[in-house]
Amino acid sequence: MRVSRILATAALSSLALGVGATAAHADPQPVLTVSPSPARPGSPVTISLDGGCDTSTVTASSRAFTGSVTLTASSTSGIYRGTATIRRDARAGTHTINIFCPSDGTSSFTFTVAGSATPSPTPTRGARGGVGGSIAGTDAAKVAAGAGLVTLAAAGGTLALRRRAKH
């Protein structure tokens, strides 16, 4: 009975190792990166593709781009890179990038475009606020009454401080 358990354990272990070995040799899925993310209409973006093709160049296309882009492989890292320009009239939201590799066909990825390319206006100087309609005309009686109230408040404050200092 011990021998049968040992043989069953060995068989299951071999099966598990065999399944893991086939998964380890599978080709990794290509990874596409768009920078900056989210992209802005009218601005350039860098497209990087890691894996998924064995040629020296691939083509990236999207309805959000001004045209197709050729991505060139780096000789050392195997990462394909290129620069695209987002159309000025590209709508905000998710867009599709189609990557065409002559040896492997077409792969589709998505990326995000942010709001409009028109920057908000930056003020160059302060607002012309004026006095806001608070002064319609100068009235000598009101100016004198205001000055009297300020003088009375100052005298009252001085008197209160003197009384407090004596105690």
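When reading the values below, keep in mind they use all heavy atoms of this one structure, side chains included, and skip hydrogens, waters and symmetry mates. Quick note: residue numbers are just sequence positions, from 1.
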Of all the heavy-atom pairs spanning [X] and [Y], show the shortest one and how long it is.
X: Thr83; Y: Val69; value: O-CG1, 3.5 Å
X: Thr57; Y: Pro102; value: O-CD, 4.0 Å
X: Ser62; Y: Thr96; value: OG-O, 2.8 Å
X: Ala73; Y: Thr55; value: CB-O, 4.3 Å
X: Pro41; Y: Ala114; value: CD-O, 3.7 Å

_Pairs involving residues 42-103, ordered by first then second residue, that meet disulfide (SG to SG under 2.5 Å) (sequence neighbours left out)_ =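 Qualifying pairs: Cys53-Cys101.
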*Please identify each residue that fulfils side-chain hydrogen bond (donor to acceptor under 3.5 Å, both in side chains) with Asn98, with sequence neighbours left out.*
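Per chain and number, Asn98 pairs via side-chain hydrogen bond (donor to acceptor under 3.5 Å, both in side chains) with Ser108.
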*Derivation and outcome, side chain to side chain contact (heavy atoms under 4.5 Å, CB included), residues Ile97 and Thr110*: CA-CA 6 Å; Ile97 297 178; Thr110 59; over 6 Å; no
*asked:* Using a 4.5 Å cut-off between side-chain heavy atoms of Ile, Leu, Val, Met, Phe, Trp and Tyr, which other residues end up in the same hydrophobic cluster as Val31?
replied: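 When side chains under 4.5 Å apart are linked, Val31 ends up in no cluster with other residues.
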*Determine the sole option in Val34, Leu49, Ile47 for which the side chain to side chain contact (heavy atoms under 4.5 Å, CB included) test with Phe109 is passed.*
Leu49
_ring-ring contact (aromatic ring centres under 6.0 Å, His included) contacts in which one or both residues fall within residues 45-100, not counting sequence neighbours_ =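 Found Phe65-Phe111, His95-Phe111.
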*Among residues two or more places apart or on two chains, list those pairs meeting ring-ring contact (aromatic ring centres under 6.0 Å, His included) that have a residue in residues 139-164.*
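Sorted result for residues 139-164: empty, none.
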*List the steps, then state whether side chain to side chain contact (heavy atoms under 4.5 Å, CB included) holds for Ile99 with Leu71.*
CA-CA 9 Å; Ile99 303 291; Leu71 307 180; 4.1 Å; yes
Quick one: list whatever passes side chain to side chain contact (heavy atoms under 4.5 Å, CB included) with [X], sequence neighbours left out.
X: Ser48; result: Thr33, Thr46, Ile79, Arg81
X: Pro36; result: Val45
X: Ser74; result: Thr76, Ser77

In residues 141-161, what donor-acceptor pairs under 3.5 Å come from side-chain atoms, sequence neighbours left out?
| residue | atom | partner | partner atom | Å |
| --- | --- | --- | --- | --- |
| Thr151 | OG1 | Ala147 | O | 2.9 |
| Thr158 | OG1 | Ala154 | O | 2.9 |

